[in-house]
Amino acid sequence: MPQEDTLQVLVVDDSALYRRVVQDVLAEIPGVAVVGVAQNGRIALKKIEQLHPDLITLDIEMPEMDGLETLSHLHGATPGPGVIILSDHSVEGARFTLKALELGAFDFVPKPREGTLEENHERLKKSLSEAITAFKRVRYVQKILKPQESSIVRREKTMLDGPVAHGKVKTIPFSWAGQWDIKAVAIGISTGGPAALPRVITKLPENFPVPLFIVQHMPPIFTQALAAKLNSRSAIEVKEGQDGETVRSGVAYIAPGGLHMGIASRPDHTGPIIRVVDTPPVNNCKPSVDHLFFSIAEHYKEHALGVIMTGMGSDGTEGLKRMKEWGAAVIAQDEASSVVYSMPRKPVEEGIVDRIVPLEKIADEIRRILDR
């Protein structure tokens, strides 16, 4: 029998081979026990009632009941398990994955598609370990804060309905010398980002006066799908950044997955351009928030606004320090509305944040600062 502090996992996939692969990988992750398997969503729902797992790994394309329908049944259930999507690395797979995250999935892991069996095993183990570590931290924190509620239900309510009604902007005296002359906004975000970003980007007006640069920790294809989804819902244009393209106001540029995105000046100094490079990961991330923020600091100096949002790890902290040294303004998402508070927490603790803002008020705060 699993120990009380062991994460109990149900594996759901229509492929018997892949169920076995995922079971073998999970068996190698400390503090994790597979308590059952299911070949489709209908069977999974019955086993969830019987086994009460903490977490399920969920395939999307399955017979009888697919992953999206399964999530629809789970959404709002109290208590309910967390969900990590195992996604096909394809355009359609990316689109379905973003929908799954909207429906309340905690995170996703792309299924490895290239390399040897041993290499793919290690890739899947690394990805699942990182997602499970993030999930465990969220569950631990929210069990302490709200022991009477399911941590995942509480988290999903925050993400989909907004933070608690009395969530407010925490104002810190500005140490900023930029005279409120903002020429660029840069956002760094990770776990929870695909659900959180629409709550910000879709609230920005069509005449948004400056360019906006975004690093969302995601692999290739998934960032393309995210850009397309945000573009279809937003008043501003949203696209993946392309190396060498001219930066335009009123456009949001998302760093392509698997590459770093930054800003550089044209050789003739007529304006900024996007720079996309294939260099080593920074903070084990590619794209990296720090890579973007360092280039923003160098190019825009005191005329920049940095926004750090929900995510695992500390990517973005060093870049925000550099931006702050140049006199930039900094906003951090608050803890209550963050899926994982690690990325905003470090800059707050470092004392380089000027505003701590609930998710639902980030767009308003950006506009307020730009309008000053």
Side-chain angles (χ1 to χ4, degrees), residues 176 178 180-190 193 196-197 200-201 203-204 208-218 223 226-227 230 234 236-242 245-256 259-265 271-277 282-283 285-311 313-333 343-344 346-348 350 352-357 359 362-363 365-370:
W176 183 44
W180 304 93
D181 184 17
I182 297 293
K183 298 186 184 299
V185 177
I187 295 177
I189 191 166
S190 186
L197 274 174
V200 177
I201 306 304
K203 291 183 177 180
L204 301 178
F208 194 68
V210 300
L212 190 144
F213 307 97
I214 302 168
V215 167
Q216 162 72 65
H217 292 158
M218 270 184 160
T223 49
L226 177 63
L230 288 173
S234 304
I236 65 173
E237 180 182 355
V238 184
K239 65 188 300 292
E240 275 193 325
Q242 296 180 336
E245 72 173 302
T246 300
V247 171
R248 294 178 286 136
S249 294
V251 178
Y253 300 93
I254 295 181
L259 298 168
H260 295 305
M261 185 180 76
I263 313 303
S265 297
I273 57 174
I274 300 288
R275 276 292 176 224
V276 176
V277 296
V282 178
N283 303 317
C285 299
K286 191 175 180 181
S288 164
V289 179
D290 271 337
H291 182 96
L292 173 66
F293 284 178
F294 277 123
S295 73
I296 292 290
E298 182 176 347
H299 185 84
Y300 289 102
K301 298 181 171 57
E302 73 272 23
H303 302 296
L305 169 61
V307 183
I308 192 76
M309 295 178 63
T310 176
S314 60
D315 189 28
T317 298
E318 295 304 315
L320 285 177
K321 286 182 182 177
R322 182 70 58 84
M323 290 176 66
K324 180 56 67 177
E325 288 171 1
W326 279 107
V330 177
I331 291 174
Q333 185 176 348
M343 280 174 55
K346 190 68 181 296
V348 170
E350 294 279 349
I352 56 174
V353 171
D354 301 298
R355 297 286 190 267
I356 302 172
V357 185
L359 173 62
I362 289 177
E365 189 65 12
I366 290 172
R367 295 174 64 178
R368 189 186 73 81
I369 291 176
L370 264 62

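Not measured: the values here are computed from a predicted model. Numbering starts at 1 and runs along the sequence shown.
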**Report entry** Donor-acceptor contact present, side-chain Ser288 to main-chain Asp290, <3.5 Å
**Finding:** yes
Query raised in the report: For Gly193, does its backbone N or O pair with a side-chain atom of Thr310 as donor and acceptor, under 3.5 Å?
Result: no
Report task. Check step by step if side chain to side chain contact (heavy atoms under 4.5 Å, CB included) holds for Ile331 and Ile369. Result -> CA-CA 10 Å; Ile331 291 174; Ile369 291 176; 3.9 Å; yes
Report task. Apply the test side chain to side chain contact (heavy atoms under 4.5 Å, CB included) to residues Val348 and Ile308: give CA-CA distance (whole Å), side-chain angles for both, the deciding distance (0.1 Å), then the verdict. Result -> CA-CA 10 Å; Val348 170; Ile308 192 76; over 6 Å; no
Query raised in the report: What's the spacing between Leu305 CG and Lys183 NZ if we round to 0.5 Å?
Result: 14.0 Å
Report task. Could you grab the distance from atom CZ of Arg248 to atom NZ of Lys239, nearest 0.5 Å is fine? Result -> 7.0 Å
**Report entry** Residues Leu230, Ile254; criterion side chain to side chain contact (heavy atoms under 4.5 Å, CB included); working and verdict
**Finding:** CA-CA 10 Å; Leu230 288 173; Ile254 295 181; 4.0 Å; yes
Requested in this report: Answer yes or no: is there a donor N or O on one side and an acceptor on the other, between the side chain of Asp315 and the main chain of Val289, under 3.5 Å?
Outcome: yes
Query raised in the report: Is the shortest side-chain N to carboxylate O distance from Lys324 to Glu350 below 4.0 Å?
Result: no
Requested in this report: Taking Gln216 for its side chain and Ser190 for its backbone only, find out whether a donor-acceptor pair lies under 3.5 Å.
Outcome: yes
**Report entry** Between CZ on residue Arg322 and CD1 on residue Ile352, distance to nearest 0.5 Å
**Finding:** 12.0 Å
Report task. Could you tell me whether the side chain of Ser295 and the main chain of Ile263 form a donor-acceptor pair under 3.5 Å? Result -> yes
Query raised in the report: From Lys286 NZ over to Leu259 CG, what is the distance, rounded to the nearest 0.5 angstrom?
Result: 6.5 Å
Query raised in the report: More than 12 heavy atoms of other residues, nucleotides or ligands under 6.0 Å from CD of Glu298: is that the case?
Result: no
Query raised in the report: Can you check whether Glu240 reaches Tyr253 side chain to side chain, under 4.5 Å on heavy atoms?
Result: no
Query raised in the report: Phe208 and Glu237: side chain to side chain contact (heavy atoms under 4.5 Å, CB included), yes or no, with the steps?
Result: CA-CA 10 Å; Phe208 194 68; Glu237 180 182 355; over 6 Å; no
Query raised in the report: Could you give the distance from CZ (Phe293) to CE (Met323), rounded to the nearest 0.5 Å?
Result: 6.0 Å
Query raised in the report: Going by the angle between their ring planes, with limits at 30° and 60°, are Phe213 and Tyr300 parallel, tilted or perpendicular?
Result: tilted
**Report entry** Donor-acceptor contact present, side-chain His260 to main-chain Val277, <3.5 Å
**Finding:** no
